[in-house]
Trainee: 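I have a structure I would like to understand better, so I am pasting it below and will then ask my questions one at a time.
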Protein chains: 2
Amino acid sequence: MIQDISSQILKGILQGIMLLILDQQPEYGYGLGRKLNDYGLVAIPKGTIYPLLTTMEKRGLIEGRIQSSPAGPDRKYYFITAAGITAKNEFTNEWRQLENVVNKLLDKESKK
Amino acid sequence: MIQDISSQILKGILQGIMLLILDQQPEYGYGLGRKLNDYGLVAIPKGTIYPLLTTMEKRGLIEGRIQSSPAGPDRKYYFITAAGITAKNEFTNEWRQLENVVNKLLDKESKK
DNA sequence: TTTCACTAGTTTGCTTTACAAACTAGTATT
DNA sequence: AATACTAGTTTGTAAAGCAAACTAGTGAAA
């Protein structure tokens with residue numbers, strides 16, 4: 001069963017996760033929401049996803065291009081930029097450090 | 001060499017980390033800053049640490065008791081409460097899920 | 001044919017988080 | 001007396017997450 005992950009714990013990490021996904025292949029907002037869901041992040045609200053994509057585009061990390069859908073409204077596909085790849089790599093490093101810190105603490109706890 | 005972890009990536013996670021530390025033993029704000037540093041989290045500013053401790057106390061997760069220092073100003077030691085332990089366990093679960101999602105993506109990336 | 005469901009995106013306003021900066025104050029060393 | 005280190009509070013700002021309200025296209029059922 002997939003429990004939900006509180007918004008708090010996601011703060012700031014969502015951008016990194018999105019960069020990792022977009023580095024695999026371009027995606028549009030709605031599809032990204034579904035993909036996030038598939039990865040185990042239950043129902044990231046669109047009030048979070050869309051504004052974040054807009055902000056990331058302003059930062060030059062991704063680029064949106066509107067493409068028509070085979071069925072339904074147009075989609076805005078986002079492509080990762082060179083700056084986005086740099087940011088993705090920075091995120092990866094920071095993530096590994098954070099993971100290390102938390103896991104050291106969890107280890108300590110399990111040995112109590 | 002320890003790189004620093006950007007504030008963004010820490011958002012919301014710091015509370016969980018602090019609960020894990022305080023579950024080991026009571027600490028005061030200043031000492032917590034040093035401990036965080038020792039764990040590899042470079043220089044978490046006191047403008048972050050102290051207000052967060054206050055908020056956590058308001059939430060009933062920890063309790064502060066002033067104790068005199070052998071040398072220097074008084075210290076406010078924080079003790080984890082029963083509610084704090086519950087919150088710590090919730091954080092642990094959420095952390096493991098998040099870790100799983102990010103690592104799945106990092107795996108995918110390494111296989112590109 | 002109009003109503004519903006699903007898809008797709010934008011914008012507004014609110015709450016919380018992180019934090020720099022300014023402040024107070026005790027102890028210790030030079 | 002001045003400086004450095006320790007210890008904590010308070011204020012104001014920016015950014016993040018998100019609910020909610022809105023627009024709008026497609027397709028199927030009624």
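Since the model is a prediction, treat every value here as computed from it, not as a measurement. Basis for what follows: all heavy atoms, side chains included, without hydrogens, waters or symmetry-related copies. Labels below follow one simple rule: chain letters A, B, ... track the order of the sequence lines, proteins then strands, and each chain is numbered from 1.
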Trainee: Grab the CD1-P distance between A:Ile66 and C:dG9 for me, whole Å please.
Mentor: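 The distance from CD1 of A:Ile66 to P of C:dG9 comes to 8 Å, rounded to the nearest Å.
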Trainee: Is the side chain of B:Glu57 donor-acceptor paired with the backbone N or O of B:Gly64 at a distance under 3.5 Å, no angle test?
Mentor: yes
Trainee: To the side chain of B:Arg75, which of D:dA7, D:dC18, C:dG9 is closest?
Mentor: D:dA7
Trainee: Could you tell me how far apart A:Arg65 (CZ) and C:dG9 (C1') are, to the nearest whole angstrom?
Mentor: 19 Å
Trainee: Looking only at side-chain atoms of A:Lys46, point me to the closest of D:dA7, C:dT11, D:dA21.
Mentor: D:dA21
Trainee: Please state how far atom OH in A:Tyr78 lies from atom C1' in C:dG9, giving the value in whole angstrom units.
Mentor: 9 Å
Trainee: Could I get the full list of ring pair (Phe, Tyr, Trp, His ring centres under 6.0 Å) partners for B:Tyr28, not counting sequence neighbours?
Mentor: B:Tyr77
Trainee: Round to a whole Å and report the spacing from CD of B:Gln15 to P of C:dT17.
Mentor: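 In whole Å, C:dT17 P lies 7 Å from B:Gln15 CD.
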Trainee: Grab the CD-P distance between A:Gln67 and D:dG25 for me, whole Å please.
Mentor: 19 Å
Trainee: Would you say B:Arg34 reaches D:dC5's phosphate, i.e. side-chain N/O to OP1/OP2 under 4.0 Å?
Mentor: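 No, outside the criterion.
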Trainee: Closest-nucleotide mapping onto DNA chain C: is A:Gly47 or A:Ala71 further toward the 5' terminus? I mean the 5' end.
Mentor: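 Here A:Ala71 is the residue nearer the 5' end.
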Trainee: Of all the nucleotides listed (C:dT10, D:dT9, D:dA24), which has the minimum atom distance to the side chain of B:Tyr50?
Mentor: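 Nucleotide nearest to B:Tyr50's side chain: D:dT9.
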Trainee: Report yes if a side-chain nitrogen or oxygen of B:Arg59 is closer than 4.0 Å to either non-bridging phosphate oxygen (OP1 or OP2) of C:dT17; otherwise report no.
Mentor: yes
Trainee: Testing A:Asn93, A:Thr86, A:Thr92 one by one against A:Glu90 for a side chain to side chain contact (heavy atoms under 4.5 Å, CB included), which residue passes?
Mentor: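 Option passing the side chain to side chain contact (heavy atoms under 4.5 Å, CB included) with A:Glu90: A:Thr86.
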Trainee: Assess B:Arg65 against B:Phe79: is NZ or CZ under 6.0 Å from the centre of the six-membered ring, and within 45 degrees of the ring's axis?
Mentor: yes
Trainee: Pick the nucleotide of DNA chain C nearest each of B:Pro73 and B:Leu52; which residue has the one closer to the 5' end?
Mentor: B:Leu52
Trainee: Tell me whether B:Arg75 forms a cation-pi arrangement with B:Tyr30, defined as NZ or CZ under 6.0 Å from the six-membered ring centre and within 45 degrees of its axis.
Mentor: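 No, B:Arg75 does not sit over the ring of B:Tyr30.
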Trainee: Would you say A:Thr48 reaches D:dC18's phosphate, i.e. side-chain N/O to OP1/OP2 under 4.0 Å?
Mentor: yes
Trainee: To the nearest Å, how far apart are B:Ile13 CD1 and C:dA18 P?
Mentor: 9 Å
Trainee: Nearest whole angstrom, please: distance from the P of C:dA8 to the NZ of A:Lys35.
Mentor: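 After rounding, the reported distance stands at 13 Å.
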Trainee: Taking for each residue the nucleotide of DNA chain D with the nearest heavy atom, is it B:Gly29 or A:Gly72 whose nucleotide lies nearer the 5' end?
Mentor: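 Final value for this comparison: B:Gly29.
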Trainee: When the distance from CD of B:Glu27 to P of D:dA7 is rounded to whole Å, what number comes out?
Mentor: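 To the nearest whole Å, that distance equals 10 Å.
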Trainee: Side chain of B:Tyr30: nearest nucleotide among D:dT6, D:dC18, C:dT27?
Mentor: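 Minimum distance to the B:Tyr30 side chain belongs to D:dT6.
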Trainee: Could you please name the option among C:dC19, D:dT6, D:dA19 that lies closest to any side-chain atom of B:Pro51?
Mentor: C:dC19
